[in-house]
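First comes the structure, then the notes that go with it.
We count ligands from 1, going down the list as the structure has it; atoms in each ligand are counted the same way. For this chain, numbers begin at 1 and follow the sequence in order.
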Amino acid sequence: GKPTLAVVGATGAVGTVMLGILSERADIWGEIRLIASARSAGRKLTVRGEQVEVVALAEEAFEGVDVAMFDVPDEVSARWAPIAASRGAVVVDNSGAFRMDPEVPLVVPEVNPHAARMRPRGIIANPNCTTLSMIVAMGALHAEFGLTELVVSSYQAASGAGKAGVDALREQLGKVAGSDLGSQPGDVRGAIGDSGPFPGPLALNVVPFAGSLQEDGWTSEELKVRNETRKILGLPGLPIAVTCVRVPVITGHSLAVHARFEREVTVSAAHEILATAPGVVLCDDPAQGEFPTPADVVGTDPTWVGRVRRALDDPCALELFVCGDNLRKGAALNTAQIAEVVAAERAAL
Ligand code: 2RA
């Protein structure tokens, strides 16, 4: 029969997008079981056009499950993913709990699909949404030119911080709409106050901080982009400098990238690679006003790339701007693609 899929964290921001994605993609699953915290148990959610009742997270909930997708906080995954795996499920986990575990592959199906097969713990990790928003494009360029260095600045949407992030930005926008705020120091902060998950006002502003503070002033988000990019590309020593910034966008992460390569590069060669790479759309005609923006790409699956330029001072380097939906390719879609890779192995047996 068709494999049974469990969606753990079905009621969250990513879970909600996941149910939509599972309803749109080729229907390879038998039962789809929805699992969430006890608080959400009993709720009914629609997937594949049918109402499914949410069951509470418990050991028995994994009975007969072939693949379990997790989108829950790190500590919940750390505890429950091994339980699901011990019950025979292959876990595809979107938390930070296992991404850097050497016994857990970190998979992007367009870049390193074969890594999914080596999973001694029965767990496959899904990368962070900021890494995912650029990695398909960077993987394609790396395969051709050989990456030697990355310098990245992110422009991250509020929904990266979940429903709480979206609610906070909408509430803040309500407070500043129609006002003349934004011309005096601190007036925006004064009107918005301290609320929500961001360490500063996000409406009418940008906040150069995402995640938590780590050693030497780096944030957890910046270190994730660095470590995960190295692991996915199989380049453990790749120099990468990252600055993560939150911007007042609901959904859609963007990144400005300076990428240095082993060989000399040209814009036309880069265009050709990006225009044909699976999962990438080249949108680069600035004379016609064509470049990707998060407002234009939200709700779509690909990684969008534009503003491709050769560095003025380095014939081996490119500058580019990348946009992607952080809840789709950045989270739910990549998780669904990994689960499909696992299901295809099973079907091939
Ligand atoms: C963010 N990448 O955008 C983080 C969490 N998913 O906040």
Side-chain angles (χ1 to χ4, degrees), residues 8-9 11-18 21 69-78 81 92-100 106-108 125-136 138 150 152-170 172 195-203 205-214 218-232 240 242-257 294-295 297-298 303 322-336 338:
V8 185
T11 55
V14 173
T16 304
V17 170
M18 181 63 87
I21 285 176
M69 302 169 163
F70 276 66
D71 195 277
V72 293
D74 293 1
E75 62 281 7
V76 180
S77 276
V92 185
D93 181 53
N94 190 31
S95 81
F98 301 101
R99 288 177 186 141
M100 297 315 296
L106 184 63
V107 175
V108 182
N126 193 62
N128 176 275
C129 52
T130 310
T131 309
L132 271 172
S133 297
M134 67 161 186
I135 198 73
V136 178
M138 299 323 298
L150 279 175
V152 177
S153 299
S154 74
Y155 304 78
Q156 293 179 226
S159 64
K163 267 209 207 8
V166 173
D167 292 347
L169 176 55
R170 290 205 190 281
Q172 292 181 15
S195 70
F198 308 116
L202 190 57
N205 205 14
V206 297
V207 179
F209 193 95
S212 57
L213 190 60
Q214 306 292 311
W218 296 95
T219 68
S220 55
E221 189 81 353
E222 289 158 353
L223 299 179
K224 284 177 186 179
V225 174
R226 170 179 163 91
N227 295 333
E228 294 175 17
T229 299
R230 288 172 154 194
K231 182 168 176 177
I232 296 160
I240 310 185
V242 187
T243 301
C244 286
V245 181
R246 192 78 63 181
V247 296
V249 167
I250 297 292
T251 294
H253 281 4
S254 309
L255 299 102
V257 181
V297 313
V298 62
T303 301
V322 184
C323 276
D325 186 315
N326 52 298
L327 301 178
R328 294 182 74 89
K329 186 59 186 176
L333 174 63
N334 199 70
T335 302
I338 296 172

Which pair of heavy atoms, one from R99 and one from K224, lies closest together, and at what distance?
NH1-CD, 4.0 Å
So does V225 get a backbone contact from the side chain of T130, meaning a donor-acceptor N/O pair under 3.5 Å?
no
Could you tell me whether a side-chain N or O of E221 sits under 3.5 Å from a main-chain N or O of A210, the two making a donor and an acceptor?
no
The answer, listing residues by chain and number that come under 4.0 Å of ligand 1 through any heavy atom, is N128, C129, T130, Q156, G160, A161, E221, R246, H253
Could you walk me through whether N326 and S159 satisfy the side-chain hydrogen bond (donor to acceptor under 3.5 Å, both in side chains) test, starting with their C-alpha distance in whole Å, then the side-chain angles of each, then the deciding distance to 0.1 Å, before giving a yes or no?
CA-CA 8 Å; N326 52 298; S159 64; 3.0 Å; yes
Do any N or O atoms from the side chain of T131 and from the backbone of P127 form a donor-acceptor pair under 3.5 angstrom?
no
Between E75 and S77, does a side-chain hydrogen bond (donor to acceptor under 3.5 Å, both in side chains) hold up when you go through it step by step?
CA-CA 5 Å; E75 62 281 7; S77 276; over 6 Å; no
